[in-house]
Amino acid sequence: MAGEGMKSALYRQSARRRGLAFAALLALAALPPLLQALGQDFYVSVAARMLIFALAATSLNFIVGFGGLVAFGHAAFFGAGAYAVAILAERGVTSAFVAWPAAAALAGGLALLIGAISLRTRGVYFIMITLAFAQMIYYLFISLKAWGGDDGLPLMARSTFGPFDLGNDATFYWVALACLAAALFLLDRIAHARFGRVLQGIRENESRMAALGYPVAAYQLACFVIGGTLAGLAGALIANHSLLASPNLLHWTQSGTLLVMVIVGGVGTLYGGFAGALTLLLLEELLTGVTVHWHAALGLLLLVVVFRAPRGVAAWLHGLFSRGGTK
Amino acid sequence: MTQLILEQALNGFQFGLMLFLLAAGLTLVFGIMDMINLAHGSLYMVGAYLAAAAAAASGSFVVGVLAAVAGTAVVGALLEVAVLRRLYQRDHLAQVLATFALILIANEAVRMLWGDQPMLLNAPAALAGPVEIGGFSYPAYRLLIIAVGVAVALALYVVVAKTRLGMWVRAGASNREMTEALGVNVKRLFTLVFAFGAGLCALAGALLGPLLAVQVGMGESILILAFVVIVIGGIGSIRGALVGSLLVGVVDTLGRALLPWLLRGFLPAETAANLGPALAAILIYLLMAAILFWKPAGLFPARG
Amino acid sequence: MNGEKSADLLEVAGVSRHFGGVHALSEVSLAVAEGEVHALIGPNGAGKTTLIHQLSGAQTPDAGTIRFAGEDVTRLPMHARVARGIARSWQVTNVFGRLTALDNVALAVQGRQRDWGGSFRFWAPVDKERAIVDEAAAWLAEVGLAGRESTVAGSLAHGEQRQLELALALATKPRLLLLDEPMAGMGPEESERVVELIEHLGRKVTLLLVEHDMDAVFRLADRISVLVGGRLICTDLPDAVRAHPEVRKAYLGDADA
Ligand SMILES: Nc1ncnc2c1ncn2[C@@H]1O[C@H](COP(=O)(O)OP(=O)(O)O)[C@@H](O)[C@H]1O
Ligand SMILES: [Mg+2]
């Protein structure tokens with residue numbers, strides 16, 4: 001009998017964890033009315049931005065942490081999603097139900113193209129070629145005057161979303177939260193399905209997987225495309241949030257920032273991207289209030305993370321608490 | 001027309017040589033220590049700023065360049081000892097995170113010291129005008145850059161390929177324990193290589209200062225080009241870095257100058273004017289993608 | 001059943017492979033018949049592992065052809081060869097160190113499933129796929145690892161990892177199994193168990209066995225090929241190989257001749 005004891009520790013999916021996730025979701029959903037009651041309406045929009053970056057970082061974490069592919073060009077998919085929405089809006093397509101899937105599909109298609117070429121390379125070369133492709137997309141967009149060049153492409157208004165008005169910050173926040181929650185749920189299912197197990201095997205020992213008959217590159221490409229698609233959705237949201245498809249979204253430092261979020265939050269953990277985006281953006285909020293040179297402070301903090309919390313903030317806190325508990 | 005092509009080709013050659021100064025240090029660090037250093041571009045920026053500051057203080061461009069090279073080499077050595085050394089054994093992700101942090105810190109440090117405005121660095125007055133070579137005129141300062149670039153590239157090639165120091169460097173990369181057993185202090189060797197690479201960065205930054213703007217963020221755009229170069233050439237290969245630099249320099253410069261004009265030949269003027277610059281801007285990335293598609297480890301794979 | 005046991009399952013013709021200046025394999029030709037246990041012997045550095053790499057698809061030869069079941073597989077990637085029925089083990093243990101023994105083998109079993117998209121399934125939890133889990137457990141039992149299912153592979157004893165390595169290869173249900181020194185680094189007791197296992201396997205699949213232990217080789221092999229310095233010097237029945245003068249000289253050492 002293959003009993004319960006034989007289950008892999010890495011695939012544990014406990015009822016308790018699901019309960020916690022649900023409680024967290026409810027708490028996040030309750031945030032807008034809470035902030036409004038406190039008279040801090042402005043922070044609803046700030047919080048929505050955090051959720052969107054959490055989605056972008058989560059999508060990258062799927063590629064980096066689950067797929068084991070250190071991709072340094074995620075901004076391409078994030079930015080492409082944003083531009084897709086802006087370009088469609090310019091042509092009169094304002095429905096979210098058309099524009100957002102289109103944005104995701106464009107980013108996914110881009111990921112398919114870039115991934116198919118990039119996956120011929122390994123390691124450092126993969127990092128560099130994904131970076132180069134993202135730069136290519138960046139220069140392509142800023143040198144085409146039709147798409148706003150250096151200034152980016154503004155949006156007249158947020159997408160229409162059935163009967164709901166996304167112009168209302170709370171509504172927009174909830175939609176962003178729903179997208180993030182749906183993505184996390186989807187990725188969790190994927191991680192526990194056959195596909196997820198294959199990715200885990202590839203991350204662990206690529207050549208062994210090939211020797212078990214798995215076309216490794218095909219699985220990695222699929223992983224890359226899933227991540228890219230979700231980043232496109234995040235891009236659609238961010239363009240709606242700031243009413244602008246900005247070339248900054250495509251810039252390589254954006255890829256760097258997303259990667260930093262993933263590393264800070266915890267590579268390869270479901271909530272790593274979320275934790276990292278939250279940590280980084282909260283730090284930004286706090287530090288900009290303290291000093292104009294907040295980038296320097298952020299840099300120093302990141303160095304601390306690298307040398308003191310190499311497995312991410314979440315794991316580090318967990319370690320602190322569990323050590324404190326046993327002593 | 002030939003005048004234009006010739007001039008642009010020379011400009012591209014000159015830019016390629018400067019790229020090589022950056023790429024040489026980067027590819028050595030990359031190849032030898034298997035270390036991704038995003039902060040390499042920051043050393044280039046620090047070099048340019050030091051040159052501008054020293055030149056302004058002393059009134060001499062040459063003093064500025066020399067001070068920049070020496071100063072940046074020291075900064076590089078300190079950086080290696082304080083931070084980077086701890087990263088050699090870590091994975092690429094940790095290296096990306098740490099050196100990304102260094103970029104943030106370096107940019108802010110420069111802002112704190114020299115402010116937000118671009119700094120001015122003037123070429124020596126004697127080299128301000130053009131010179132005539134066989135009925136063809138070319139800026140004297142750019143010729144100087146070419147001369148310096150060629151000299152440094154040759155010297156570097158000889159050092160790495162032919163001298164004992166270069167041999168140690170190559171040996172330290174392929175087998176650290178073995179090299180240490182031969183009595184070479186690998187730790188100090190790496191610091192030295194790093195300082196050396198930093199000095200080369202500063203030289204490029206100082207020489208390009210009068211042509212491009214000396215400003216915060218200048219290191220990042222050229223860093224990506226340097227990455228493209230070493231990936232095209234094959235990571236760890238000095239020869240690859242040289243070939244890659246010249247290829248990228250010439251293709252990029254000629255592309256920007258000629259593509260819009262070429263497109264006009266068979267496209268409507270408006271489309272060409274729109275598409276030309278866009279295509280020129282992504283030309284080197286297309287080149288890199290094409291090369292990696294056929295040769296996934298670059299033109300001159302350093303190992304295997 | 002085709003009944004004919006003499007058909008060659010694997011035909012290697014003129015395979016060469018060099019690394020820089022080292023000619024690891026020079027025009028090696030070799031045939032392995034369906035159903036036989038074929039041993040490959042030769043001194044260290046003879047090129048045995050390199051040959052296994054060419055056959056399994058871990059590397060591609062510089063020259064020559066490899067045919068499997070009549071099909072040219074010389075340029076096929078590794079996973080495609082596995083799909084056709086070639087499995088291998090590694091000389092240096094190569095398992096999924098951080099997964100449990102059961103998950104290791106489950107991956108191998110899952111890899112064989114090519115129904116609706118194989119492993120391109122994104123929704124149903126794999127833990128609930130009893131068939132996979134049960135079959136994986138059965139393979140572990142087959143190689144003598146019953147009771148070790150939930151142990152993380154990296155913390156199994158060396159010999160047990162070698163057994164797991166075998167289970168991984170077996171679970172792909174190969175027609176041809178390439179074993180690269182399956183007993184390397186094992187104690188005598190563990191070795192004996194593996195020899196028995198191979199003896200038992202030999203009745204079910206075609207085996208190409210690289211092994212240093214001569215007692216084991218002469219006990220297990222139907223035929224033996226000898227590789228020296230990248231060249232195949234003979235393929236013959238065990239007794240003939242034992243008597244072959246060049247083999248004695250090159251490999252067994254001519255001490256008692
Ligand atoms: N990847 C490689 N790079 C360079 N040389 C290699 C490589 N693989 C094997 N060789 C060389 O090829 C020869 C055969 O090696 P190998 O096949 O491992 O021998 P065996 O398994 O018979 O002991 C040896 O000289 C070895 O050094
Ligand atoms: Mg061997």
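Numbers restart at 1 for each chain; the letters A, B, ... are given by sequence-line order, proteins then strands.
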Legend entry - Smallest separation among heavy atoms of Arg197(A) and Gln110(C), with atom names: CD-OE1, 3.6 Å
Legend entry - Side chain proximity check, Arg121(C) to Phe195(A), heavy atoms < 4.5 angstrom: no
Legend entry - Proximity breakdown for Glu165(C) and chain A, heavy-atom pairs closer than 4.5 Å: both
Legend entry - Which atoms of Ala87(C) approach chain A - backbone, side chain, both or neither, heavy atom under 4.5 Å: neither
Inset, instruction - Check for a donor-acceptor pair, side chain of Arg208(A) on one end and backbone N or O of Asn94(C) on the other, with a separation under 3.5 Å. - result: yes
Legend entry - Phe19(C) CZ: over 12 foreign heavy atoms closer than 6.0 Å: yes
Legend entry - Check: Tyr214(A) side chain, Leu107(C) main-chain N or O, donor-acceptor pair, under 3.5 Å: yes
Legend entry - CA sep, side-chain torsions, deciding dist, call: Leu186(A), Trp123(C), side chain to side chain contact (heavy atoms under 4.5 Å, CB included): CA-CA 8 Å; Leu186(A) 174 73; Trp123(C) 199 252; 3.8 Å; yes
Inset, instruction - Check whether Thr172(C) gets within reach of chain A through its side chain, its backbone, both or neither, counting any heavy atom under 4.5 Å. - result: side chain
Inset, instruction - I would like to know whether Phe96(C) and Leu212(A) meet side chain to side chain contact (heavy atoms under 4.5 Å, CB included); could you show each step before the answer? - result: CA-CA 12 Å; Phe96(C) 303 96; Leu212(A) 294 181; 3.8 Å; yes
Inset, instruction - Check whether Ala222(A) gets within reach of chain C through its side chain, its backbone, both or neither, counting any heavy atom under 4.5 Å. - result: side chain
Inset, instruction - Could you tell me whether a side-chain N or O of Glu204(A) sits under 3.5 Å from a main-chain N or O of Arg98(C), the two making a donor and an acceptor? - result: yes
Inset, instruction - Would you check if Arg194(A) and Phe122(C) make a side-chain contact, meaning some heavy-atom pair closer than 4.5 Å? - result: no
Inset, instruction - Using atom types as modelled and distance alone, determine if a side-chain donor or acceptor of Asn205(A) lies under 3.5 Å from a backbone N or O of Val95(C). - result: yes
Inset, instruction - Can you tell which part of Ile86(C) gets under 4.5 Å to a heavy atom of chain A, answering side chain, backbone, both or neither? - result: neither
Inset, instruction - Give the intermediate values and the outcome of side chain to side chain contact (heavy atoms under 4.5 Å, CB included) for residues Leu99(C) and Gln200(A). - result: CA-CA 9 Å; Leu99(C) 305 191; Gln200(A) 195 190 8; 3.4 Å; yes
Under 3.5 Å donor-acceptor pairs involving side-chain atoms of residues 152-162 of chain C, not counting sequence neighbours:
residue, atom, partner, partner atom, Å
Ser155(C), OG, Val152(C), O, 2.9
His158(C), NE2, Ala184(C), O, 3.2
Glu160(C), OE1, Arg148(C), NH2, 3.1
Glu160(C), OE1, Ala157(C), N, 3.0
Glu160(C), OE2, Arg148(C), NE, 2.9
Gln161(C), NE2, Ala153(C), O, 3.1
Gln161(C), NE2, Gly154(C), O, 3.4
Gln161(C), NE2, Leu156(C), O, 3.2
Arg162(C), NE, Pro182(C), O, 3.3
Arg162(C), NH1, Trp90(C), O, 3.3
Arg162(C), NH1, Gln91(C), O, 2.7
Arg162(C), NH1, Thr93(C), OG1, 3.3
Arg162(C), NH2, Trp90(C), O, 3.0
Arg162(C), NH2, Glu181(C), O, 2.9

Inset, instruction - Not counting sequence neighbours, which residues clear salt bridge (Lys or Arg N to Asp or Glu O under 4.0 Å) with Arg17(C)? List them please. - result: none
